[in-house]
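Each ligand, and each atom within it, is numbered from 1 in the order the structure gives. Side chains are part of it too, since the values below use all heavy atoms of this structure and drop only hydrogens, waters and symmetry mates.
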Amino acid sequence: MRQTLVAGNWKLNGSQESIKTLVSGILAGVGDTGNNQVAVCPPFIYIPQVAELVRGSKVALGSQDICDQDAGAFTGEVSGPMLREFGCRYAIVGHSERRALYAEDDEFTARKFAAARNNGLTPILCVGETLDEREQGITEDVVARQLDAVIALEGIAALGEAVIAYEPVWAIGTGKTASPQQAQDVHAFIRGKLAGLDQAVADKVQVLYGGSVKGSNAAELFAMQDIDGGLIGGASLNAEDFLAICKAGG
Ligand code: PGA
């Protein structure tokens, strides 16, 4: 039985003060989230602050991105060894905002996935189609291509030690959520594709849904057979909203 994981992606939001409030609110209620796993992914600069705040709690720490290199002349980057040093467990790779706004392609994302694994971090690999791609009927092709780049570089077994987040780009930050069935269809496609290569990996990997998840729709999404939790943007910035999602499913 796969556990439910709810990960908050704070994106480019927060201040030392607001983060203190947010994390203390999460810590106050996280005891009621049962067996569900909970993680938060602050902006890099706040990772040390959050690491201190969540120490000893069930809230795991993740980064929103990772450099594909471990060290060297790469101005502006943050590497896997640095993230490990500050207690990160997860690293998001290939978020659609990285892909679309910073031109990160499938191969580059695969290298970031490898960098995370090589440093003992669990990659949260984001995949998903744009509205245009959905309307063209090529959702599965896009998701398969995004997965194949990682499988080509790292092998299928690596996905068994990762998390996948299916995030339809048209549902991110738009208030438009994929219906539970729409999401389930793509999740089932992802798991079926992996099963064709390695059944054990397919059975094990957590596949999260992301895109306008809220307290009011989380339970019906997480109840779907192949949805193992969520990657949460906007609703992860408020402790009460985030906790409502963390308690859903399971
Ligand atoms: P959203 O973002 O919940 O604000 O739609 C999800 C994400 O980008 O991970």
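Qualifying side chain to side chain donor-acceptor pair (under 3.5 Å) partners for Arg99, counting only residues two or more places apart in sequence or in other chains: Asp106. Partners of Gln49 under the side chain to side chain contact (heavy atoms under 4.5 Å, CB included) rule, at least two apart in sequence or in another chain, are Gln16, Ile19, Lys20, Tyr46, Leu53. For Gln184, the side chain to side chain donor-acceptor pair (under 3.5 Å) partners are Asp226, not counting sequence neighbours.
Just one residue in the list Val30, Leu22, Leu237, Val38 forms a side-chain contact (heavy atoms from CB on, under 4.5 Å) with Phe242, and that residue is Val38.
When all heavy atoms are compared, the tightest approach of Ala115 to Cys67 is CB-O, 3.4 Å.
A cation-pi arrangement is present between Arg98 and Tyr102 under the rule of less than 6.0 angstrom and at most 45 degrees off the ring axis.
Residues of the protein with a heavy atom under 4.0 Å from ligand 1 are Asn9, Lys11, His95, Glu167, Ala171, Ile172, Gly173, Gly211, Ser212, Leu231, Ile232, Gly233, Gly234, listed by chain and number.
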